Amino acid sequence: MNVVVVESPAKAKTINKYLGSGYKVLASFGHVRDLPAKDGSVLPDQDFEMSWEVDGASQKRMKDIADAVKGSDGLFLATDPDREGEAISWHVLDLLKKKRVIGDKPVKRVVFNAITKKAVLDAMANPRDIDVPLVDAYLARRALDYLVGFNLSPVLWRKLPGARSAGRVQSVALRLVCDRESEIERFVSEEYWNLSALLRTPRGDEFEARLVSADGKRLQNRSIKNGEDANRLKTLLDGASYVVDTVEAKPVKRNPGPPFTTSTLQQAASSNLGFNASRTMQVAQKLYEGVDIGGETVGLITYMRTDGVQMAPEAIEGARHAIADQFGNRYLPEKPRFYSTKAKNAQEAHEAVRPTDFNRSPDKVRRYLDADQARLYELIWKRGIASQMASAEIERTTVEILADNNGQRAGLRAVGSVIRFDGFLGAYMDQREDGEKGDDDEDDGRLPEINAREKLDKSKVNASQHFTEPPPRYSEASLIKKMEELGIGRPSTYAATLKTLSDREYVTVDKRKLVPEAKGRLVTAFLESFFTKYVEYDFTADLEEKLDKISAGELDWKQVLREFWQDFFAQIEDTKELRVTNVLDALNEALAPLVFPKREDGSDPRICQVCGTGQLSLKLGKYGAFVGCSNYPECNYTRQLSSEGGAEAEANGLNEPKALGADPHTGEQLTLRSGRFGPYIQRGEGKDAKRSSLPKGWKPEEIDHEKALALISLPRDVGKHPESGKMISTGLGRYGPFVLHDGTYANLESIEDVFTIGLNRAVTVLAEKQSKGPGGRTRGTPAALKELGDHPDGGSITVRDGRYGPYVNWGKVNATLPKGMDPQGVTLEQALALIVEKGGKAPAGKATPKKAAAKAGTGAKKAVPKAKAKAPAKKAAPKAKKTGT
């Protein structure tokens with residue numbers, strides 16, 4: 001029996017059916033080990049020695065694989081056909097060697113681009129060894145990402161509070177988004193006019209022609225800058241006679257595009273299906289790994305992480321047969337089409353993303369797929385088959401028209417296209433990404449019959465005013481396209497990079513567009529100011545090119561790391577002398593449109609409007625950046641920093657308190673203000689004034705005296721509880737709206753409930769909370785989940801559920817249960833050990849801290865004193881903290 005290792009259980013199940021009883025196929029569930037998220041996992045001063053860690057779940061899976069290999073005849077490593085797949089095979093083999101289960105057993109690497117019986121059996125018949133240069137490229141990439149993340153991120157934490165992390169590719173992608181936002185902010189709209197005439201042929205057919213020349217000059221795009229020039233030209237056209245000068249009909253061929261790569265698939269799925277990058281890859285993964293088609297499990301598409309645009313010869317032949325069968329011989333070109341990639345620094349030469357069998361048309365497989373799978377498969381099938389179809393034949397007609405008004409002449413043009421043969425368009429038509437179409441694109445609609453030298457009648461002249469628009473924000477699809485053009489990132493990293501930006505709250509998605517958050521723009525501005533080289537597009541692309549040369553065996557991976565680390569470490573060291581004032585000065589300039597939005601009255605946006613003399617500037621606080629006045633504490637004006645918050649605060653007049661009326665009970669003035677944490681209501685003046693932030697969903701412009709008074713009056717008394725006689729009240733807390741009685745809190749569904757809930761409903765909500773048992777947040781001691789017995793020194797020991805999770809309680813000692821320990825399964829002995837560790841008295845003759853901790857489980861191991869570790873050698877790297885990247 002031979003053992004075959006793949007990544008996923010779905011893939012394992014499919015391949016096991018193909019190989020039969022002589023093979024045992026096991027899944028590694030992706031990577032079996034990784035660099036620990038802590039300082040010292042890569043040691044530059046020890047020639048970039050890397051320390052790998054196997055997590056608990058992977059240890060169990062590796063044990064299963066090792067046990068199977070022990071009794072096997074050989075090992076086949078059949079992970080994905082890319083750099084990551086090669087790395088997984090290398091990790092698995094290295095761990096098996098350390099477990100000493102390989103011995104003299106043959107070990108082979110097999111790769112296949114599609115999970116079909118033929119592809120798998122062909123691969124098994126043609127094994128190879130692990131590709132060492134490909135593994136080296138993986139190690140270099142992993143080390144680079146670690147060194148950037150675990151050395152640059154701590155600099156951000158120290159110099160830019162609120163920042164989460166930085167990454168080698170992540171930060172450059174973020175810069176693209178932020179640079180586009182800066183372009184939009186700096187953009188100055190310009191006026192321009194378009195003129196056109198609605199004309200009628202002698203046969204009564206109407207068509208529209210655009211003005212393209214006047215006064216003997218050709219008009220360029222946006223040449224007509226103002227209404228005065230537009231009206232003058234409109235007058236000329238209104239009084240002119242029209243005659244057709246020339247009619248030119250020109251045949252044009254339009255060729256199909258290549259089948260999908262990873263990036264073009266993500267772009268097309270975004271434009272056509274509305275999928276984000278992650279969703280596209282999730283669905284494609286299922287199509288690749290295999291679907292049950294009438295009792296046969298088969299992969300429907302080839303591997304979906306690729307830069308390649310070429311299809312295998314047998315796939316091209318299959319596509320040509322399907323074209324002839326489903327579309328007819330007219331749609332089949334004389335020769336097959338071959339494509340070459342245009343992407344900068346394209347990765348390994350894999351096949352494009354295509355169907356594994358073009359005879360499986362979307363209609364034939366739709367009933368076996370869910371809705372998203374069916375839609376994505378149809379997109380891939382159509383694009384793949386279109387790539388081998390005949391060109392579309394289009395007749396493009398251009399009509400030049402002369403307008404004459406008593407010697408004043410102008411030229412107009414009408415353009416139309418007619419599809420004489422649809423060719424590949426019968427299968428697939430590209431859709432432009434949102435925002436790509438310019439406002440000057442000519443209309444290619446169909447024209448009526450028009451003949452040269454015939455006169456035309458004028459029906460109407462249109463003069464339309466326009467204003468230039470800023471470039472559109474990136475969508476996920478257009479950002480991936482830009483990254484690919486620049487050579488940044490690779491097919492396996494696009495979706496993960498975008499997800500990281502979202503998870504770090506550096507960008508948000510609004511109507512499918514990527515909007516940089518304030519913290520994302522701060523990070524980018526900081527890196528551009530003090531780590532310029534490492535967020536440059538060319539530098540990142542050049543580094544990617546070096547990694548590809550390592551893959552090809554042309555560069556030594558450790559030499560690339562040495563060159564990178566020497567300069568990078570020096571840059572890190574330079575920041576130690578960097579003062580916060582230097583950082584703030586640089587950020588104030590780099591982010592001026594965000595920090596100091598223009599004011600409608602034209603006054604200096606850097607002058608505080610509250611005191612009139614202070615200078616506004618970025619301030620760094622525990623929770624991130626905000627805008628404050630230089631006259632603090634005399635002037636306590638602050639404003640939240642956000643992509644829209646600055647402009648909104650100015651527009652809403654919240655630089656100065658907005659009076660809403662007096663509190664009838666105290667006589668103090670209620671005001672609406674903006675602070676570093678957003679808008680809030682304040683009653684009275686001074687540091688003792690009562691304040692209340694606006695709840696989520698309440699907009700500053702909608703706040704009136706009634707709402708302000710209701711908010712500032714919280715907590716609100718509802719009435720006395722009929723059983724206890726104690727007051728029930730409602731309010732807003734850290735976790736949202738609540739009802740409170742005798743130290744017990746219960747959540748309310750909406751903010752409106754805080755102001756409207758009656759006594760009966762409040763009692764019911766509290767009763768429902770009590771009926772659910774412990775686990776809710778209460779101000780008193782939570783009820784016991786389990787009684788364990790008495791402590792040897794007296795007093796009961798219980799297990800309770802608190803705000804931060806379950807814990808053991810004995811008197812005033814509370815000891816949190818280790819992660820993963822079942823509260824209902826805790827024994828008295830384990831509880832005693834945890835109490836001892838927490839500082840409780842050890843019961844005589846019972847458990848010593850060392851013994852008790854050992855029995856309690858992993859969470860109590862800290863009680864065991866450890867021998868002092870030998871001091872590590874002096875490291876070249878600055879000490880880094882965990883970033884989570």
Side-chain angles (χ1 to χ4, degrees), residues 183 186-203 205-255 392-420 430 432-433 435-472:
E183 282 184 66
R186 292 193 302 266
F187 182 81
V188 178
S189 183
E190 295 181 359
E191 178 186 8
Y192 70 97
W193 291 72
N194 284 337
L195 274 78
S196 64
L198 189 64
L199 304 174
R200 188 169 56 252
T201 70
R203 289 156 295 283
D205 299 317
E206 287 190 336
F207 67 96
E208 189 173 31
R210 292 179 58 190
L211 180 68
V212 293
S213 64
D215 303 325
K217 297 180 182 179
R218 185 169 184 80
L219 297 176
Q220 302 297 327
N221 290 338
R222 308 186 183 106
S223 292
I224 306 171
K225 298 291 187 181
N226 53 61
E228 183 179 345
D229 289 343
N231 287 329
R232 179 178 61 82
L233 292 170
K234 185 176 184 299
T235 301
L236 185 159
L237 295 178
D238 275 329
S241 60
Y242 296 84
V243 63
V244 178
D245 186 21
T246 61
V247 178
E248 182 182 9
K250 188 176 182 182
V252 177
K253 282 192 174 183
R254 183 178 170 191
N255 297 320
E393 297 174 8
I394 300 169
E395 184 178 85
R396 185 178 176 88
T397 302
T398 303
V399 181
E400 301 288 350
I401 301 162
L402 295 177
D404 188 296
N405 185 344
N406 296 321
Q408 287 185 299
R409 295 191 172 186
L412 296 92
R413 176 180 298 150
V415 178
S417 295
V418 177
I419 296 176
R420 297 300 183 190
D430 291 309
R432 285 187 170 184
E433 176 61 29
E436 283 188 9
K437 185 172 181 178
D439 47 21
D440 297 314
D441 287 6
E442 292 185 346
D443 182 8
D444 274 8
R446 189 166 186 166
L447 293 174
E449 179 187 346
I450 305 173
N451 301 310
R453 309 314 307 167
E454 68 183 6
K455 293 182 179 180
L456 303 169
D457 293 328
K458 177 203 71 178
S459 296
K460 185 180 181 182
V461 175
N462 296 311
S464 56
Q465 183 186 33
H466 301 271
F467 293 91
T468 55
E469 295 182 355

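This one's a predicted model, so the numbers in the text were calculated from it and none came from an experiment. Numbering starts at 1 and runs along the sequence shown. Computed from heavy atoms alone, side chains included, the values below leave out hydrogens, waters and symmetry copies.
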Do the charged groups of [X] and [Y] touch, with an N to O distance under 4.0 Å?
X	Y	result
E393	R420	no
R409	D215	no
E454	R203	yes

What's the spacing between S189 OG and E469 CD if we round to 0.5 Å?
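Interatomic distance, S189 OG to E469 CD, rounded to 0.5 Å: 8.0 Å.
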Backbone N/O of [Y] and side chain of [X]: donor-acceptor pair under 3.5 Å:
X	Y	answer
T398	E248	no
K458	D238	yes
Y242	R200	no

What is the minimum heavy-atom distance between [X] and [Y], and which atoms define it?
X	Y	value
E208	S196	OE2-OG, 2.7 Å
Y192	F467	CE2-C, 3.8 Å
F187	P470	CE2-N, 3.4 Å
L412	A197	CD2-CB, 3.8 Å

Check this for me: K253, atom NZ, are more than 12 non-hydrogen atoms of other residues, nucleotides or ligands nearer than 6.0 Å?
no
Begin from the C-alpha positions of H466 and N194 and carry the test side chain to side chain contact (heavy atoms under 4.5 Å, CB included) through to its verdict.
CA-CA 8 Å; H466 301 271; N194 284 337; 3.6 Å; yes
